[in-house]
Amino acid sequence: MGAIERNGYRFVPEYSVIQQNGAIHVYNRDHFIEEIQFQFSGKVPELDQIEDLVDHYCNQRNI
């Protein structure tokens, strides 16, 4: 699962199958901004879930 880029921001997901949680690291250019934490079920998080979290983040911040 690769990074998602939107208007100069980069969203890098990572996750733990054992703990069933993950995080999306948010960068503006090369500067770390914050971490969006999430939980999932199954073997890996669904791409739609990741994209929804990124869309929500961008909409809240007018990115």
Side-chain angles (χ1 to χ4, degrees):
M1 193 172 301
I4 298 171
E5 296 201 24
R6 302 260 171 89
N7 296 325
Y9 285 80
R10 192 174 69 235
F11 301 86
V12 182
E14 61 180 49
Y15 59 90
S16 168
V17 175
I18 293 169
Q19 295 179 359
Q20 296 285 283
N21 62 21
I24 301 169
H25 295 141
V26 181
Y27 296 88
N28 185 351
R29 309 285 184 251
D30 290 328
H31 296 49
F32 176 75
I33 304 297
E34 66 182 299
E35 178 179 271
I36 306 166
Q37 297 182 359
F38 65 93
Q39 295 187 355
F40 66 95
S41 60
K43 293 183 180 182
V44 297
E46 293 185 25
L47 183 56
D48 288 345
Q49 179 185 11
I50 303 287
E51 289 182 355
D52 287 346
L53 289 166
V54 170
D55 287 343
H56 182 72
Y57 182 91
C58 290
N59 288 335
Q60 283 188 323
R61 289 160 180 81
N62 295 318
I63 295 174

- prompt: Could you give all pairs that pass the salt bridge (Lys or Arg N to Asp or Glu O under 4.0 Å) test and reach residues 20-49, with sequence neighbours left out?
  reply: Arg10-Asp30, Glu34-Arg61
- prompt: Can you list every pair that meets salt bridge (Lys or Arg N to Asp or Glu O under 4.0 Å) and has a residue in residues 11-22, with sequence neighbours left out?
  reply: none
[atom2] on [Y] to [atom1] on [X], rounded to 0.5 Å:
| X | Y | atom1 | atom2 | result |
| --- | --- | --- | --- | --- |
| Leu53 | Ile24 | CG | CD1 | 4.5 Å |
| Asn7 | Ile63 | CG | CD1 | 8.0 Å |
| His25 | Ile36 | NE2 | CD1 | 10.0 Å |

- prompt: Among all residues two or more places apart in sequence or in another chain, which pass the salt bridge (charged side-chain N to carboxylate O under 4.0 Å, His left out) test with Asp55?
  reply: Arg6
field: Results of ring-ring contact (aromatic ring centres under 6.0 Å, His included) for Tyr57 - residues two or more places apart only
entry: Phe11
task: Kindly write out the residues that satisfy ring-ring contact (aromatic ring centres under 6.0 Å, His included) with Phe38, not counting sequence neighbours, or none if the list is empty.
output: none
- request: Name all residues meeting the side chain to side chain donor-acceptor pair (under 3.5 Å) criterion together with Asn21; count only those two or more places apart in sequence or in a different chain, and write none if there are none.
  value: none
Set of residues satisfying side chain to side chain donor-acceptor pair (under 3.5 Å) with respect to Gln19, sequence neighbours excluded: none
message: If hydrophobic clusters are built from ILVMFWY residues whose side chains come within less than 4.5 Å, do Ile4 and Val44 share one?
response: yes
For Val17, all residues meeting side chain to side chain contact (heavy atoms under 4.5 Å, CB included), sequence neighbours excluded: Tyr15, Gln20
message: Looking at every heavy atom in both Ala3 and Pro13, which two are closest together, and how far apart are they?
response: CA-CD, 4.3 Å
- prompt: Can you list the other members of the hydrophobic cluster that holds Phe32, where links are side-chain heavy atoms under 4.5 angstrom apart?
  reply: Val12, Tyr27
